[in-house]
Each structure stands twice: as structure tokens, then as C-alpha cells.
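Each remark here refers to the structure printed beneath this line.
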Amino acid sequence: MNLQAQKMFIIMTVAALLLLLSFYYLIHVWLIVFAAILTAIFLLSLVEYLTKTPWIGPHLKKLPHGLLLGTVVLGLIGILSAFAATFGMELKSQLEDLQSMVPKAIEYMHQYLKSYPTIYEWLSTREWARELQADPQAFLAQFSDGAMAHLPTYLGGMVSGIGTFVVIMILGLFVAISPSIYRRSFVAMVPKDSRDKAEYLLDRSYRSIQQWLLGQLVVMSFVGVSTWLALKLMGIPFALALGFIAFLLDFIPVLGPWLSAVPIVLLTALVAPEMLVWVIVMIIVVQQLESYVVAPIVQYRLVDLPPVALLLSQVIMGSITGIMGVALAAPLMVIAIVWVQVLYIKFTLGDYAVRVLDQNDAQMQADPFGDWETYQKKTSLR
């Protein structure tokens, strides 16, 4: 190895170590960057689908990218504004009313625990339990008074969360405005003889995240609307708020549907216990329809991830970074699997018959780094 090669090796090694250290010490910053990339991919996907619209799509392709992106952003703002105008006040009212259910929930738990004498007698000997039963609002006020000392911290956390969301949106918009700049910068850091492979890696990563995002949005919409309509038809109060919560939490695969079921079941047990069994059946039916009907229908826009790998990634990311890590664990897993399949299995081991996570048969057949004939032989032997 000559002196120049040694210098390059040392520089690349130091750069790799610094990058790994930045992942460790600046993990939240990298999560914000990744969330911004997800936002950009979502916006670019909408632009792409807009240009594929029948009748007007071919004409829209002739327009500048910035104008198309602005149209998409304005369209999203219009949709959100229409939703807020139609359901905003009702949703706000229902979310506020949910907070007032705490005293009723405590009274319900008190009556319920009477059916378990051992637990009830043990709680009766506890001073805090007697205070809670005698005056729930006064008992809870102790904590709210104590919390006032930490109010600046709480408000700072809220402001920080809102600020983080704004930063993610702005960064995502800037990336979506000129994606080619960042793509060329990434490819330029790769040796010239491997730049076609770098382009391929970016393409597969983009398509995988695109399919996962759009497919997940379809599934989330189905779960949210179905939950809202079912609860409304059954006469369960706060149906819109609970459906909205189900919609948001379904962004988190595996854990999200179960987390959204908790407030639905608890609220039903409080206000309409006679409907509890039917509500549980509804939750199960919606989840089964999501898994076996809706997801397969939109399978070409979904990335099928192993549930065990998803759950482990959510637990690991949650323990390291909190709720933001849990929310981004699934798309991070998508990227990790694609990069392993492309960089290691294809380009390192030389197995070009592997099918990348997002590919269907037509895409696999047209893959410039794919071995379609060997892949067919492998699948035919299964």
C-alpha cells in the first residue's frame, strides 16, 4: 500500500469513526434529519402521483417541479383546513371532555375493586387511596400544585416538540424542492466505478420508503375512519376523538393498534359497560380487516416487515430515544433491510437473485442488478 493509499485509508477510517460517534451522541439530531427525509419523500411521492393522474398527468409533467410541489403543499393545507373547519371544534371538545372523565374513572374502579375483597381491603389501609376516594379532585390537585414548580420544564418540552415538528417540516420541504442536489452529493462521495451502484441503492431506498409511507397512510385512514364510524353507530361518546387517536397511533405498526385499543376499551367500560363486548369485537374485526383485507389490497404500496423485527426495533429505539424513536422504528427498519440486501447480499456476496424488500415481479425482472432467471428457479423450488 503506497503512502497516498495509506492516507486515504486513515482519512476514511477517521471519518467513519466520527460518523459513528455522531450517531451515538447526536441520535436525536439524526432522527430529525431522517424524519425530514421521510417528509420530503412523502411530498415527492404526491408530486409523482399527481403527474400520473389520468388526462391531466402528461400536461402536468411539463410544469416546473417547484410549481408542482407548491400545488401539492397548498392542496395538503387545504385538506387539513377543511378537516379542521368541519371537525375541529368537535374534536377539540371531545378531547377536552376526555380529561374530565378522570373522577368517573376513579369511581368506576372503586366499585369494580369491591368485587375483589383482598385487593380492596389492602387499598383501604392506604392513606393515599382513602384520600383519592374521598375527594379525587383535591387529591389530584396536590400533584398539579407540585407540577407548577416544573411548569417551565413542561412548557419548554411542549415548545421544543412544536419546534422540532416545524424544523422537520421546513427541512423536508427544502429537501423536496431540490432533491437532485442531495442525491448528487451522496453519489459524489462514492468512487467513480461504484457510482452506478450508489444510484441503485438510493433508488431502492426511495421506492421502499415511498411504498411504506403511502401504504401506511391508506391503512391508517381505514383504521381511523372505521373506528370512528363503528363507535358512532354503537353510540359510544367521543367517537371522533377515539377514531383520531386510532388513526395517529396506527402509524406505529404492531404496537400502535393495541395502544389505541386501550383508551377505547377503558372509556367504553366507564360510560357504556353493556357495549364493552361489542366494542372489543369491533376492535378485533377492524384489526383483522386491516391485516388480511386492506393490507393485501394495497400490498404493492406496502413493505411487508417481519413483526418480530419491528417489535424489537421499536423496543430498542424507544429505550434509546423515547417516543420519536418508536414512531420512526418501522421506516428505519425498512432502510436497514434494504441496505443489507443491496450492499451486503448483492454487492458484497454477489447474490443478485435476492429480491429487494420493495420489489414486485415486474420490478425484479427489470432490475439492472437482479438475476431474474436464478430468482425464478429459486422460487419454483419452494
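If you read the sequence from its start, that first residue is 1, and numbering goes on from there.
Other members of the cluster containing Ile316 are Ile320, with ILVMFWY side chains joined at under 4.5 Å, either directly or via other members.
No side-chain donor-acceptor contact under 3.5 Å links Ser226 to the backbone of Val223. A donor-acceptor pair is defined here as one N or O able to donate and one able to accept, closer than 3.5 Å; such a pair exists between the side chain of Arg195 and the backbone of Ala188. Arg204 places no side-chain N or O within 3.5 Å of a backbone atom of Ser208 that could act as its donor or acceptor partner. Between the Thr39 side chain and the Met169 main chain, no donor and acceptor come within less than 3.5 Å of each other. Between the Gln341 side chain and the Leu357 main chain, a donor and an acceptor come within less than 3.5 Å of each other. Proximity of a side-chain donor or acceptor of Gln376 to a complementary backbone N or O of Glu373 within less than 3.5 Å is not detected. Put simply, the side chain of His65 gets close to the backbone of Ala176: a donor and an acceptor are under 3.5 Å apart. When atom types are taken as modelled, the side chain of Ser260 and the backbone of Pro257 share a donor-acceptor pair closer than 3.5 angstrom. With Ser319 contributing its side chain and Val315 its backbone, the two residues share a donor-acceptor pair below 3.5 Å. No side-chain donor-acceptor contact under 3.5 Å links Ser178 to the backbone of Phe174.
By the side-chain hydrogen bond (donor to acceptor under 3.5 Å, both in side chains) test, Lys52 is found to be paired with Glu48, residues two or more places apart in sequence or in another chain being considered. With sequence neighbours left out, Ala329 forms a side chain to side chain contact (heavy atoms under 4.5 Å, CB included) with Ser313, Gln314, Met317. Residues passing the side-chain hydrogen bond (donor to acceptor under 3.5 Å, both in side chains) test with Ser81, sequence neighbours excluded: none.
Rounded to the nearest 0.5 Å, atoms CZ (Phe186) and OG (Ser205) are 7.5 Å apart.
Annotation: side chain of Leu328 is in contact with side chain of Leu38 (closest heavy-atom distance under 4.5 Å). Between Leu242 and Pro263 there is a side-chain heavy-atom pair separated by less than 4.5 Å.
The ring of Tyr375 has its center no closer than 6.0 angstrom to the ring center of Tyr352.
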Give the intermediate values and the outcome of ring pair (Phe, Tyr, Trp, His ring centres under 6.0 Å) for residues Phe251 and Trp212. CA-CA 11 Å; Phe251 181 79; Trp212 184 85; 5.4 Å; yes
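A salt bridge (Lys or Arg N to Asp or Glu O under 4.0 Å) check over residues 170-185, counting only residues at least two apart or in different chains, returns the pairs Arg183-Glu199, Arg183-Asp203. Residue pairs satisfying the salt bridge (Lys or Arg N to Asp or Glu O under 4.0 Å) criterion with at least one member in residues 331-354, sequence neighbours excluded, are listed as follows: Lys346-Asp367, Asp351-Lys378.
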